[in-house]
Amino acid sequence: MPELPEVETVARGLQRQIAGRRILSIMLGKTDFIDNPGEIEKELPGRTIGSVVRYGKFLLLQLTRKEDAGETDRESALLVHLGMTGMLRPQPAGEPHAKHTHVVALLDDGRELRYTDPRRFGRMAYLAGESLQEELRRFGADPLEAGLEEFTAKIRGKRARIKALLLDQRVLRGVGNIYADESLWKARIHPQRLGARLRRKQVKKLHRALQGILERAIVMRGSSIADFLDAEGQPGEYQRRHRAYGREGKRCFRCKTRIKRVIVAGRSSYFCPRCQKAPRRGKSRRNGKQEHAARRGKMG
DNA sequence: CTCGATCCCTGGACGC
DNA sequence: TGCGTCCAGGGATCGA
């Protein structure tokens with residue numbers, strides 16, 4: 001599931017592979033995940049891919065009219081969200097199309113930029129001018145750019161559960177289930193704690209944990225748990241470093257307690273019940289009892 | 001404002 | 001071998 005590190009990896013690969021290439025034509029298959037397929041068919045041919053950057057979990061293919069990339073016209077862009085199973089990569093036009101290939105852009109060097117997505121949970125849209133800016137404004141801060149102050153304000157200013165806040169793209173753009181769980185584990189914060197009730201020290205710890213994990217994951221080219229492949233068709237390596245995500249029943253790397261899984265914000269949330277203390281019976285349901293002692297979370 | 005439920009969609013896991 | 005069932009999950013949407 002492509003999250004910030006995976007999308008960043010794909011963006012860098014695409015920047016290297018297709019920046020400067022002109023789109024000659026577009027072929028569409030299924031289009032139910034595309035906002036405006038008609039405009040994509042009409043506007044993309046003839047445009048040049050100036051640069052490819054990541055914006056939250058989106059890939060932003062910035063387009064220019066002129067073949068000259070120097071004339072960067074950031075007015076228009078193709079937004080691509082990979083959803084759960086989306087893949088975007090250039091391939092030789094001669095190679096057969098993989099199953100579930102829904103968008104093919106023929107490039108001026110004989111290759112095809114192909115979008116494949118079995119589940120079609122992804123999204124694609126051609127946007128320009130004010131509509132583009134408006135769309136981008138819907139999302140919160142980039143977690144790698146947000147300073148501690150901004151991060152703290154966003155987290156402590158909300159009453160939702162911290163896990164829900166991390167996943168909310170309007171709060172922070174780019175964090176998904178894997179990195180939310182990994183950073184909460186690192187910072188020893190239970191996913192159901194309320195953002196507003198976290199202490200400054202904990203928020204600071206979470207901020208550091210999240211940035212450190214995202215940076216490390218980018219270096220390792222993301223996590224390939226299902227079948228994520230980057231723009232070069234390579235899997236990532238960060239899944240080997242997961243400490244909580246997907247480890248239900250396995251032992252915590254810190255204390256050997258078995259990792260638990262609960263549903264928070266509608267998503268599986270993996271955590272260590274010992275390292276990450278549950279909030280004092282809040283407004284949740286009668287979720288039985290599963291912890292009593294409340295050990296100080298060792299300062300630092 | 002926040003939450004849970006529901007839907008979208010397909011492949012993979014699992015049971016028989 | 002093959003089929004039915006269940007489930008995962010990012011995000012939009014809707015009612016509570």
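Please read these numbers as outputs of a predicted model, since none were measured by experiment. Hydrogens, waters and symmetry mates are skipped; everything else that's a heavy atom, side chains included, is used.
Ring geometry, A:H207 versus A:F151: the interplanar angle falls from 30° to 60°, so the pair is classed tilted.
The CG-P distance, from A:L167 to C:dG11, rounds to 9 Å in whole Å. The OH-C1' distance, from A:Y245 to C:dG10, rounds to 11 Å in whole Å. Nucleotide B:dC3 holds its P atom 11 Å from the NZ atom of A:K158, rounded to whole Å. When rounded to the nearest whole Å, the span between CG of A:D32 and C1' of B:dC9 equals 9 Å. For A:R123 and C:dT13, the CZ to C1' distance is 14 Å, given to the nearest whole Å. Rounded to whole Å, atom P of C:dA8 lies 21 Å from atom CZ of A:R120.
Sequence order on DNA chain B of the closest nucleotides to A:R267 and A:K99 puts A:R267 first from the 5' end.
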Working for side-chain hydrogen bond (donor to acceptor under 3.5 Å, both in side chains), residues A:Y245 and A:R261 = CA-CA 9 Å; A:Y245 184 81; A:R261 180 174 76 99; over 6 Å; no
request  = Evaluate side-chain hydrogen bond (donor to acceptor under 3.5 Å, both in side chains) for A:E112 paired with A:H97, printing each intermediate quantity in order.
outcome  = CA-CA 10 Å; A:E112 288 178 346; A:H97 291 184; 2.9 Å; yes
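Of the candidates B:dG11, C:dG10, C:dG11, C:dG11 carries the atom nearest the A:Q169 side chain, counting heavy atoms from C-beta on. Looking at the side chain of A:F121, the nearest of the listed nucleotides C:dG9, B:dT2, C:dG11 is C:dG9. Distances were taken from every side-chain heavy atom of A:R261 (C-beta onward) to each of B:dG4, C:dA8, C:dG10; the shortest belongs to C:dA8.
Between A:T85 and B:dG11 there is no side-chain polar atom (N or O) within less than 4.0 angstrom of OP1 or OP2. Neither OP1 nor OP2 of C:dG10 sits under 4.0 Å from any side-chain N or O of A:H81. Applying the 4.0 Å criterion to OP1 and OP2 of B:dC9, one finds that A:H100 has every side-chain N and O outside that range.
Within the nucleic acid shown, A:D117 has no heavy atom closer than 4.0 Å to any nucleic acid atom. No contact: A:R170 has no heavy atom under 4.0 Å from any strand.
Within a 6.0 Å sphere centred on CZ of A:R156, other residues, nucleotides and ligands contribute more than 12 heavy atoms.
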